[in-house]
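To start, the structure under review is shown below, and the notes come after it.
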2 protein chains.
Amino acid sequence: MTQGSKSAREFLESYNPGDYPSIALTADLVVFAVSAGTLNVALVRRGGHPFKGALALPGGFVGPEESAEQAARRELAEETALDLGSLPVHLEQLATYTHPDRDPRMRVVTVAHLALLATDGTVLPEIAAGSDAAAAAWHPVHHILSSNELAFDHQAILQEGLKRLAGKMEYTTVAARLLPEEFTLTQLRTVYDAVWDTALPAGNFTRKMMPHLTDTGRKARAATGGAPAALFTAADRHIHPPLANPGTNPAGNQASKPASKVKGLV
Amino acid sequence: MTQGSKSAREFLESYNPGDYPSIALTADLVVFAVSAGTLNVALVRRGGHPFKGALALPGGFVGPEESAEQAARRELAEETALDLGSLPVHLEQLATYTHPDRDPRMRVVTVAHLALLATDGTVLPEIAAGSDAAAAAWHPVHHILSSNELAFDHQAILQEGLKRLAGKMEYTTVAARLLPEEFTLTQLRTVYDAVWDTALPAGNFTRKMMPHLTDTGRKARAATGGAPAALFTAADRHIHPPLANPGTNPAGNQASKPASKVKGLV
DNA sequence: CGAATAGTGTCTTTTAGACACTATGTA
DNA sequence: TACATAGTGTCTAAAAGACACTATTCG
């Protein structure tokens, strides 16, 4: 009931399909996960031209009966072999890239998405599940961004994804989507430090973040020989006032005082 | 060098053009302007089916050699007859709407854009320049949103545009893009009040906003019989810490005190 | 016990927010 | 002069930020 060249021919006063070359619509993914205090992104190695051998974001075509988000979720499931039905994966639209020459083969319009996978902070999710030849693998984000080796305009997309995540962590609890359902405040602070490239003071972070979380009453077993930390859950909610990200403070702010000695959140 | 069915046939291992119905790519516009303390949006009345007679966002097809942003800028120029070369119009991508059934005629993917036009706060820019049959006209945003009479999914797009604008005004000087190059703090505060639906206290607004603006040294002539206000310009910059929008403060925040008696910014 | 971590206490400095007040213009 | 607005001063309460301190658990 929706597509087909017949209805396309009837389309609007101004639309003439012959005037418009065919467009390929794809959904690309910026998939993040944290491990060992480092933010990682899932990348595939390209097997064909152009950019043969280069790294690229995973993605694929949007099917005729899919929305871009549905396609992104499907691609994510295929790429990671994770059960997205049960696992609450955060997925949101990032931006759409439409430059006519962004792919030399034809007009490819990509709707980029941001996906956050949960880890316990140490082990990255299994991807590259062997099935696909061009399987994805994890790469440290800050390393990839500085080495500038991504295919197409994927460097810009990745940058946008990091910016979105870092920004949203200021005023939402979205960082918790990079952790298991239940997590400790130290785990959550580790996520902030990985994404923001900061070293936030633990005491103040706890005080400021705790009101926005739900205490499960349970305790994590103390792994390293300290007091056992409380386990929290987080609903997706706004944080007000927002947490300050020292990394993005405007340096050239005339009315600002000299920065304090330590990177200080909160 | 980019498009054509020949290169499309060579496209990737997985792409088979026959599997994908043709896609129309359009750029839609959420155009805002402020007048008399009210935020307005430019809308066209639809002449054809579907949604004949209903209001809709202006927009049009993305040409084969255009990016979506270029198409949006072109549509904006055609719709408003404004000289976008000289006038600094704020234009940014909002989001992309890809639901397969969002247009009953065929698959239409729309990249929605947010555009901000400058006014002196009283007179709306001339649109509906007579040339086009389906010319745009201004409508108060809050009225449109409550009456829910927009075609397609344009209600959701408009809502997203307002949300983006209101949010960005918390941490940038983007509100100045709805005013002339030089403006007074009262004009700027009027923009905030129109978008946020607030009544911010003038004194504190001035104190908090001034450090982020540039004083031109010039004065506006006092229109209503008061002291003449200083004229400022604003570069696009971040505001830190962000201004608080009382309208979006989380009401159900367990750790929050009862709200103060007056809507209070800053 | 000693080491390491969690979470709270507390002190100082800064900011928010309410509101008064003075200066400067118009009618 | 009467009035209206611009911008600053000022006071109080709250929050930020730095850092100390106690409690708890592991080895």
Side-chain angles (χ1 to χ4, degrees), chain A residues 37 121 170 182-190 192-193 198-213 215-232 239-246 249 253 255-266, chain B residues 37 121 170 182-190 192-193 198-213 215-232 239-246 249 253 255-266:
Chain A
E170 294 188 25
E182 302 189 351
F183 53 88
T184 68
L185 279 162
T186 297
Q187 284 181 297
L188 188 59
R189 184 166 44 80
T190 303
Y192 273 87
D193 285 340
T198 53
L200 302 176
N204 293 339
F205 180 85
T206 295
R207 193 195 335 274
K208 183 114 189 222
M209 187 60 79
M210 238 178 30
H212 305 111
L213 306 176
D215 194 335
T216 63
R218 282 181 287 282
K219 299 267 179 192
R221 48 176 309 277
T224 56
L231 285 168
F232 295 87
I239 295 176
H240 188 90
L243 278 59
N245 177 353
N249 269 7
N253 205 339
S256 65
K257 294 286 175 58
S260 45
K261 297 155 272 181
V262 188
K263 279 177 175 176
L265 162 82
V266 166
Chain B
E170 293 188 27
E182 301 189 353
F183 54 88
T184 68
L185 280 162
T186 297
Q187 284 181 296
L188 188 61
R189 183 166 44 81
T190 302
Y192 273 87
D193 284 340
T198 52
L200 302 176
N204 294 339
F205 180 84
T206 296
R207 193 197 335 274
K208 184 117 187 218
M209 188 59 80
M210 238 176 32
H212 305 110
L213 306 176
D215 194 334
T216 63
R218 281 183 286 282
K219 299 267 177 189
R221 49 176 307 277
T224 56
L231 286 167
F232 295 87
I239 294 176
H240 189 89
L243 278 59
N245 177 354
N249 269 7
N253 204 339
S256 64
K257 295 285 175 59
S260 46
K261 297 156 272 182
V262 187
K263 280 175 174 177
L265 162 83
V266 166

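Chain identifiers are assigned alphabetically (A, B, ...) following the order of the sequence lines, protein sequences preceding nucleic acid strands; residue numbering begins at 1 within each chain.
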Task: 5′-ward residue of the pair Leu231(A)/Gly203(B) relative to DNA chain C - done: Leu231(A)
TODO: Provide, to the nearest angstrom, the distance between the CZ atom belonging to Arg221(A) and the P atom belonging to dC26(D).
DONE: 7 Å
Open item on the list: Closest approach to the side chain of Ala227(B), judged atom by atom: which nucleotide of dT5(D), dT8(D), dG7(C) is it?
Closed with: dT5(D)
- [ ] Would you kindly give the CZ-to-C1' distance between Phe205(B) and dA16(C), to the nearest whole Å?
- [x] 15 Å
Task: Contact check, side chains of Phe232(B) and Met209(B), non-hydrogen atoms, under 4.5 Å - done: no
Open item on the list: Rounded to whole Å, how long is the line connecting atom CD of Glu170(B) with atom P of dA16(C)?
Closed with: 13 Å
Task: Nearest-neighbour nucleotide for the Pro201(A) side chain, dA18(D), dT8(D), dT8(C) considered - done: dA18(D)
Task: Among dG7(D), dT8(C), dT8(D), the nucleotide that comes nearest once only the side chain of Leu185(B) is considered - done: dG7(D)
- [ ] Grab the two heavy atoms, one from Lys208(A) and one from Leu243(A), that are nearest each other, plus how far apart they are.
- [x] CG-CD1, 4.3 Å
Task: Residues that Arg218(A) engages under salt bridge (Lys or Arg N to Asp or Glu O under 4.0 Å), provided they are two or more places apart - done: Glu182(A)
TODO: Give the minimum heavy-atom separation between His240(B) and His212(B), together with the two atoms involved.
DONE: N-NE2, 3.9 Å
Open item on the list: Which nucleotide wins on minimum distance to the side chain of Pro228(A), given the candidates dA16(D), dT25(D), dG7(D)?
Closed with: dT25(D)
Open item on the list: Can you see if the side chain of Thr186(B) gets near the phosphate of dA6(D) - specifically, an N or O under 4.0 Å from OP1 or OP2?
Closed with: yes
TODO: Under 4.0 Å between any heavy atoms, over every strand shown, what does Ala230(B) touch: base, sugar-phosphate, or nothing? Just pick one.
DONE: sugar-phosphate
Open item on the list: It should be established whether Lys208(A) places a side-chain nitrogen or oxygen under 4.0 Å from OP1 or OP2 of nucleotide dA16(D).
Closed with: yes
Task: Atom-pair distance (CG on Asn204(B); C1' on dG9(D)), nearest Å - done: 12 Å
Task: Atom-to-atom span, CG of Leu243(A) to P of dA16(D) - whole angstrom - done: 9 Å
Open item on the list: Rounded to whole Å, please give me the gap between CE in Met209(B) and P in dG7(D).
Closed with: 13 Å
Task: d(CE, Met210(A); C1', dA6(C)) in whole Å - done: 10 Å
Task: Side-chain-base donor-acceptor pair under 3.5 Å for Arg207(B) and dT10(D) - done: yes
- [ ] Flag the pair Pro242(B) / Pro242(A) as yes when at least one side-chain heavy-atom distance between them is below 4.5 Å, and no otherwise.
- [x] yes
TODO: In whole angstrom, give the distance that lies between atom NZ of Lys219(A) and atom C1' of dT5(C).
DONE: 12 Å
